[in-house]
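Take a look at the structure below.
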2 protein chains.
Amino acid sequence: MQPILPKESLTDQVTTKIRAAIVSGEMTPGNHYSAIAISEKLGVSRTPVREALQLLEKEGIVTVAKNRGVRVNQISLDDIVEVFQLRLVVEPPAAARAVLNASEADLEILRELHHEMILVGQTGDGRATLEADKKFHLYLLGLARNAKLDGIVGELRNLVLAHGQVTIPQARTSQDLAGDRDELMNAILKRDPSGAQIAMQNHVLRTAQMLVRAVCARTPGLNDEQYLSRLEELIF
Amino acid sequence: MQPILPKESLTDQVTTKIRAAIVSGEMTPGNHYSAIAISEKLGVSRTPVREALQLLEKEGIVTVAKNRGVRVNQISLDDIVEVFQLRLVVEPPAAARAVLNASEADLEILRELHHEMILVGQTGDGRATLEADKKFHLYLLGLARNAKLDGIVGELRNLVLAHGQVTIPQARTSQDLAGDRDELMNAILKRDPSGAQIAMQNHVLRTAQMLVRAVCARTPGLNDEQYLSRLEELIF
DNA sequence: CCAGTATGAGTAGCATGCAACCGATTTTGC
DNA sequence: GCAAAATCGGTTGCATGCTACTCATACTGG
């Protein structure tokens, strides 16, 4: 049986709508938007929109200025660096623990997700690739049995996604990432916790480096070195 | 000059009020409360109360049930274990980085905060001790220059505080904790990053063990061993 | 021509009205 | 006497009205 959807509240629906609009680039950083306009466009009243904006503000995705509308935050490279510093600390040990906790059925599912990701990756569809990547990672992290960790990592990912279309992977780098992931997958299947830990660290680190380089490349006068070096500040 | 307070919004004021009421034990887990009652007690309308409750729900502190009022969540031992698993992963490296980043002035401030904490600790005032502890930790973490990390750890701490009056330290254990902290402080003053990292890990771990034991001791039929062993699941 | 003021358009913050909904109790029908 | 249905008190979810505020522009006085 399906777990019956208890009619998600309007506030929540609006939250996901707005988040999607930001990720898709429909709402862009820097611009101002009014809660009134959004509510009219969505056909709801101002209240749920206002509440949704407050929740998104808590996530750091938007800023609401008193009587001046809402602004989509320009996620800075510094923010991205912070996010990945944290992910680098949190995800590798979680991966190791996940390997220890995984059942055979879990391994099977992971294998499927991994396979799916490869297929999607070959199509070159950036958005779908990210989606598949997210699914794989979150399932793996879920095995570590720490719900708060899942929530935190999910939010951190959202923050990066909100940066915009940053994340469309390049062909060559995406090749590298696939390699990392194979390594990770191998360690998992061999039930090798510390191998998984290391592989995960490499993978997240490379993802971060790719992102930083991509952003710097498109933003003139930005030097990637200082950012790249800061990525590893929290791992010793 | 004082940075002028731009009139905190009612919603935010209510949020902190409710949070304080929970921490102080004025609002207890399990019981039901109505937004209407809260709004009347605080002399505001239902709207800011409702919005505050949504924010607190996102933090995991309360649950709002449709048409049935709001319930203060009973933070379980499992939750506490999760929180400390995360803190154990995140705070030690942050402490190490903090040592590397600290200026002489920072060290001076830390020394002061540390001293203050010892003084307050001797008075036996549990609440004040926690407050001083929080100040010290958050200042130290702030030196790692990762705002998101600060935010996350702050929220995790709040969650534990919301568990209730759990956290009134016992005389003997609080002695032990002071020892840990001295160790930590020494490593910081010697500008020894990995020493600080280890000391921080010991300190957080012992805090967690103390907490778990305290909760188990007062809850009949609860075995602390399984919880204690899970604390270290994420560190290898 | 310009400094300083007045005006107006637009906004969010909050209060409040209303309907839908939930759970417990009472009433009804058999 | 008992099961099922109607009722009722209490609650949230959402819509909407109003006020105070911000910013930009137009206006006024010199």
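Letters go in sequence order (proteins before strands), and every chain restarts at 1.
Rounded to whole angstrom, the span from the CZ atom of A:R46 across to the P atom of C:dC14 amounts to 13 Å. Going from atom CG of B:D12 over to atom P of C:dA12 covers 16 Å, rounded to whole Å. Remark: C1' of D:dC14 and CG of A:L42 are 14 Å apart, rounded to the nearest angstrom. Between the CZ atom of A:R71 and the P atom of C:dA12 there is a distance of 14 Å, given to the nearest Å. If you take CD1 of A:I38 and P of D:dA15, they are 15 Å apart, rounded to a whole angstrom. Atom CD of A:E51 is separated from atom P of C:dC14 by 12 Å (rounded to the nearest Å). A straight line from CG of B:L10 to P of D:dT19 spans 17 Å, rounded to a whole angstrom.
Place A:G43 and A:K66 on DNA chain D by their nearest nucleotides, and A:G43 ends up nearer the 5' end.
Under the 3.5 Å distance criterion, with hydrogens and angles disregarded, no donor-acceptor pair is assigned to the side chains of A:D12 and A:T15. B:Q54 and A:Q54 are not linked by any side-chain donor-acceptor pair at a separation below 3.5 angstrom, with hydrogens and angles left out of the test.
At least one donor-acceptor pair under 3.5 Å links the side chain of A:S39 to the backbone N or O of A:I36. B:E51 contributes no side-chain N or O that, together with a main-chain N or O of B:T11, makes up a donor-acceptor pair within less than 3.5 Å.
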Evaluation steps, side chain to side chain contact (heavy atoms under 4.5 Å, CB included), between B:V160 and B:I75: CA-CA 8 Å; B:V160 174; B:I75 307 296; over 6 Å; no

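Between A:T11 and D:dC14, a side-chain N or O to OP1/OP2 separation shorter than 4.0 Å is present. Residue B:S45 places at least one side-chain N or O closer than 4.0 Å to OP1 or OP2 of C:dA15.
A salt bridge is absent between B:R145 and A:E233: the closest approach of a Lys/Arg side-chain nitrogen to an acidic carboxylate oxygen does not fall below 4.0 angstrom. The pair A:E155-B:K58 meets the salt-bridge criterion, since a charged nitrogen lies less than 4.0 angstrom from a carboxylate oxygen.
Which of D:dT16, D:dC14, C:dA15 sits closest to the side chain of A:S9 comes down to D:dC14.
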Could you run through nucleotides 5-11 of chain C and give me one letter per nucleotide, 5' to 3': B if any protein heavy atom sits under 4.0 Å from the base, S if only the sugar-phosphate is that close, - if neither? ------B

